[in-house]
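Here the structure comes first, spelled out in structure tokens, and everything after it is commentary.
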2 protein chains.
Amino acid sequence: MMSDDDDFDLTLFLPYLLNQAAEASSMQFQQFYKDRYGMLRTEWRVLFHLGLYGQMTARDIGLRAKMHKTKISRAVQKLSERRFVSRARDDEDRRVERLSLTAQGRAAYRDLYAVAQRYDAELTAGMTQGERHALRQLLVKLQDRGSTSGDRNSGKTAGRT
Amino acid sequence: MMSDDDDFDLTLFLPYLLNQAAEASSMQFQQFYKDRYGMLRTEWRVLFHLGLYGQMTARDIGLRAKMHKTKISRAVQKLSERRFVSRARDDEDRRVERLSLTAQGRAAYRDLYAVAQRYDAELTAGMTQGERHALRQLLVKLQDRGSTSGDRNSGKTAGRT
DNA sequence: GCTTGTTAGTTACAAAAACAACTATTACAA
DNA sequence: TTGTAATAGTTGTTTTTGTAACTAACAAGC
């Protein structure tokens, strides 16, 4: 047991705490989209973004979700095979594909939206209204730290803590 | 763009925010242990725990860090090969291995401890003292949600959000 | 002593992620 | 034009992870 010099507590190291909390909640929430729709995390995220923002390209999703394009490409492929997502070439720029949810995709989105809402409420059940709000605001601040310089759409997934 | 019924904002969904923040900070911090010591995240975590708590078994680490035993086994192997960690059979119970840091391991730990301290300070630079504290307390609360029932030492790593 | 069960840790194999190299298309400048 | 660079997205290969099955050591009942 080596506490070096001063009062910094490594067990309260922010990247560590964030990862622990993220893993715990993600593991639990995963159960819903996995059990009900056999989706992977990347697939749920793509569905989530398309449901939320409507039609998008893979690139758009990458920018918003900070996901790497190969992950998106493969998620879209799966979602498309399972008829949750439809893809359409853009005739203005034929490199681009415009993605959107099918009726089935929208139904899954609505379902999972409701589940997410309940789950979020459950997670924050022990908090005051003020804490809830503060937590989200602080996390929003933290999530953008780092994506400062160059290299857009690189969106590699973290080699965590 | 489909906001279903009420006022729940999926972009503020806690598992999502937590993951974004965790990924952003982990990606940045990773740079240090990766560049300087060629460590993986799991290896850094094991080092971190051994530095913090002194001698431990793989099982102990698994319980504290909620890491699966196979991850720990592999991390210990690497750390041992690179002479950061030494392993010694326990003669009371010869299934058990008592792990501890070598001099080199302690040096790396001290170095990374200091880096972590600085990095943590940098991350929370925009916050008030109260916010810092509140954030950590809330994250501590969140990290234990879920590990309720049975199956100790299962520590699967999240299939995140 | 022997069976039966449990625990610590490892290893083998399958799934998912990271990373790099690729195709197709557009942009733009000589 | 044509040649170079850039962009959207895909595919192939390598690492890392997840999962399950395994070995070795103990424990407890009989």
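In what follows, every heavy atom counts, from backbone to side chain, and hydrogens, waters and symmetry copies are set aside. In the text below, chain A, chain B and the rest are named by the order of the sequence lines, each starting its count at 1.
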- Query: Honestly curious: do Val85(B) and Val96(B) fall in one hydrophobic cluster under the side-chain, below-4.5 Å linking rule?
  - Reply: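 Val85(B) does not cluster with Val96(B).
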
Measure [atom1]/[X] against [atom2]/[N] and give the value in whole Å, please.
X        : N       : atom1 : atom2 : result
Lys71(A) : dA20(C) : NZ    : P     : 16 Å
Arg59(B) : dA24(D) : CZ    : C1'   : 17 Å
Arg98(A) : dG9(D)  : CZ    : C1'   : 16 Å
Met67(A) : dC19(C) : CE    : C1'   : 16 Å
Met56(A) : dA8(D)  : CE    : P     : 13 Å
Leu63(A) : dT7(D)  : CG    : C1'   : 12 Å

Enumerate all atom pairs, one protein N or O and one N or O from nucleotides 24-26 of chain C, separated by less than 3.5 Å.
residue : atom : partner  : partner atom : Å
dT25(C) : OP1  : Arg94(A) : NH2          : 3.2
dT25(C) : O2   : Arg95(A) : NH1          : 3.3
dT26(C) : OP1  : Arg94(A) : N            : 2.9

Return the set of residues passing side chain to side chain donor-acceptor pair (under 3.5 Å) with Ser100(B) (not counting sequence neighbours), or none when no residue passes.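 Result, side chain to side chain donor-acceptor pair (under 3.5 Å) vs Ser100(B): Ser86(B).
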
Proximity to the side chain of Val96(A) - top-ranked nucleotide from dG9(C), dA17(C), dG9(D) =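 Minimum distance to the Val96(A) side chain belongs to dG9(D).
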
Per-nucleotide protein contact along nucleotides 10-15 of chain C, 5' to 3', at a 4.0 Å heavy-atom cut-off (B base, S sugar-phosphate only, - neither), is BBBB--

Subject >> Tyr33(B) and Trp44(B) aromatic ring geometry - parallel, tilted or perpendicular at 30°/60° bounds >> reply: parallel

Can you name the residues that form a side-chain contact (heavy atoms from CB on, under 4.5 Å) with [X], not counting sequence neighbours?
X         : result
Val76(A)  : Val46(A), Ile72(A), Arg87(A), Leu99(A)
Arg136(B) : Leu12(A), Leu14(A), Leu17(A), Asp120(B), Thr124(B), Arg132(B)
Arg64(A)  : His49(A), Tyr53(A), Met56(A)
Arg83(A)  : Gln104(A)

Using the salt bridge (Lys or Arg N to Asp or Glu O under 4.0 Å) criterion, which residues pair with [X]? Sequence neighbours excluded.
X         : answer
Arg118(A) : none
Arg95(A)  : Asp93(A)
Arg74(A)  : none

Notebook entry, point to check: In Å, rounded to the nearest 0.5 Å, how long is the span from CD of Glu43(B) to CZ of Phe84(B)?
Noted result: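 It is 9.0 Å, given to the nearest 0.5 Å.
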
(Q) So, taking the atom named CG in Leu10(A) and the one named CD in Gln117(B), what distance separates them when rounded to the nearest 0.5 Å? (A)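 Reported to 0.5 Å precision, the distance equals 9.5 Å.
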
Just the table, please: protein N/O against nucleotides 1-4 of chain C N/O, every pair under 3.5 Å.
none

Distances for protein N/O vs nucleotides 3-5 of chain D N/O pairs under 3.5 angstrom?
none

Are there over 12 heavy-atom neighbours, none belonging to Glu92(B), within less than 6.0 Å of that residue's CD? no

